[in-house]
Amino acid sequence: MKNIAIFASGTGSNFLAIYDAICKHELDATISLLVSDKPKSKAVEKAHLLGIDSFVFSPKEYKSKTQYENDILYSLKERKIDLIVLAGYMRLIGTTILSQYPRRIINIHPSLLPSFKGIDAIGQAIQARVKITGVTVHYVDEGMDTGEIIEQEPLCIENMETREEIESHIHAIEHRLYPQTIKKVLEDLK
Ligand code: GRF
């Protein structure tokens with residue numbers, strides 16, 4: 001059984017979708033740790049309710065990224081984490097963690113990368129008046145949403161009228177695509 005760590009800063013709906021896929025035996029893995037830089041986030045609340053261990057930190061209380069990433073690394077190693085799954089984690093991963101988990105950190109992004117990197121990808125797509133956007137799962141490197149693409153799914157938004165409608169379709173794709181992709185990535189791990 002592979003151990004995964006989920007990194008989240010926000011609502012944690014993808015975290016929950018992954019948890020549900022495990023409960024339904026669609027994904028053979030254990031969520032051994034939730035890492036969050038937002039102590040008051042819904043993701044942290046969910047981890048507590050589900051009885052999942054968490055490493056929660058306030059970046060402001062550290063002198064540097066290297067220092068907090070060293071603490072995260074200790075928690076990851078302690079639990080023998082095989083794969084790091086970013087699910088709305090709003091920070092770039094630094095070399096402290098990247099160097100220890102080559103091709104073992106993945107992220108989900110609400111656009112068809114390389115279009116609309118960074119924050120508010122859905123807003124960027126609306127602003128650009130594209131007819132098609134989508135969801136990407138990719139490996140994480142030192143850049144922002146720049147790593148090798150693993151899976152993508154398009155979404156036609158041409159006839160959608162509100163941002164909420166687009167968001168709800170994007171999230172529905174994410175909640176299905178992320179567990180499926182994690183499954184494949186775990187199978188490919190030696
Ligand atoms: C998702 O839209 C994901 O693509 C992006 O951040 C959002 C996280 O949502 N990276 P949630 O916290 O999982 O609900």
Side-chain angles (χ1 to χ4, degrees), residues 4-24 26-27 29 31 33-50 52 54-57 59 83-94 97-98 104-128 130 132-157 160 162-185:
I4 63 178
I6 297 187
F7 285 35
S9 308
T11 322
S13 71
N14 281 283
F15 164 35
L16 204 58
I18 296 162
Y19 179 85
D20 283 347
I22 293 172
C23 290
K24 289 184 201 152
E26 291 164 4
L27 176 61
I31 303 173
L33 186 68
L34 174 89
V35 173
S36 183
D37 60 334
K38 296 277 185 230
K40 292 183 179 156
S41 64
K42 294 273 178 210
V44 170
E45 208 177 293
K46 287 185 172 91
H48 288 159
L49 287 171
L50 297 171
I52 292 171
S54 54
F55 177 80
V56 181
F57 66 103
L83 183 72
I84 297 172
V85 173
L86 308 187
Y89 182 66
M90 301 303 281
R91 289 178 180 274
L92 284 178
I93 302 292
I97 295 177
L98 275 173
R104 282 169 183 261
I105 310 176
I106 62 173
N107 182 41
I108 189 158
H109 186 75
S111 78
L112 290 180
L113 289 172
S115 291
F116 313 129
K117 297 184 180 111
I119 11 173
D120 194 19
I122 295 175
Q124 292 183 53
I126 293 169
Q127 193 76 27
V130 292
I132 295 170
T133 184
V135 173
T136 303
V137 180
H138 63 94
Y139 286 108
V140 171
D141 62 13
E142 53 290 325
M144 189 182 288
D145 305 320
T146 50
E148 184 188 322
I149 292 167
I150 307 169
E151 288 293 343
Q152 287 188 307
E153 189 168 316
L155 172 70
C156 179
I157 58 170
M160 294 192 192
T162 61
R163 184 192 167 104
E164 289 68 37
E165 193 182 354
I166 298 173
E167 271 173 0
S168 102
H169 280 87
I170 289 276
H171 285 135
I173 294 175
E174 289 186 341
H175 297 162
R176 177 174 37 76
L177 189 67
Y178 216 7
Q180 283 172 4
T181 310
I182 293 168
K183 184 171 190 254
K184 282 189 210 155
V185 171

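Starting from 1, each residue takes its place in the sequence as its number. Counting starts at 1 for both ligands and their atoms, following the listed order.
- Close contacts between ligand 1 and Glu174 involve ligand atoms 1 (C), 2 (O), 3 (C), 4 (O) [criterion: under 4.0 Å to a heavy atom].
- Close to ligand 1: Pro110, with a non-hydrogen atom less than 4.0 angstrom away.
- Within the 3.5 Å criterion, the main-chain N or O of Leu113 finds a donor-acceptor partner in the side chain of Thr136.
- Residue contacts with ligand 1: His171 is included, with a non-hydrogen atom under 4.0 Å away.
- To the nearest 0.5 Å, atom CD of residue Gln127 and atom CG of residue Asp120 are 9.0 Å apart.
- Atom 9 (O) of ligand 1 has its nearest heavy-atom neighbour, among Asn14, Ile6, Ile119, Thr11, in Asn14.
- Here the side chain of His109 pairs no donor or acceptor atom with the backbone of Pro114 at under 3.5 angstrom.
- Closest protein heavy atom to atom 10 (N) of ligand 1: Ile108 O, 2.9 Å.
- Side chain of Lys117 to main chain of Ser111: no donor-acceptor pair is present (N/O by atom type, distance under 3.5 Å, no hydrogens or angles).
- With contacts defined as side-chain heavy-atom distances shorter than 4.5 Å, the pair Ile6/Ile52 does not qualify.
- Within 6.0 Å of the CD1 atom in Ile119, the count of heavy atoms belonging to other residues, nucleotides or ligands does not exceed 12.
- Of the protein's non-hydrogen atoms, Gly12 N, 2.8 Å is the one closest to atom 12 (O) of ligand 1.
- For atom 8 (C) of ligand 1, the nearest non-hydrogen atom from the set Gly88, Ser111, Ser13, Gly10 belongs to Gly88.
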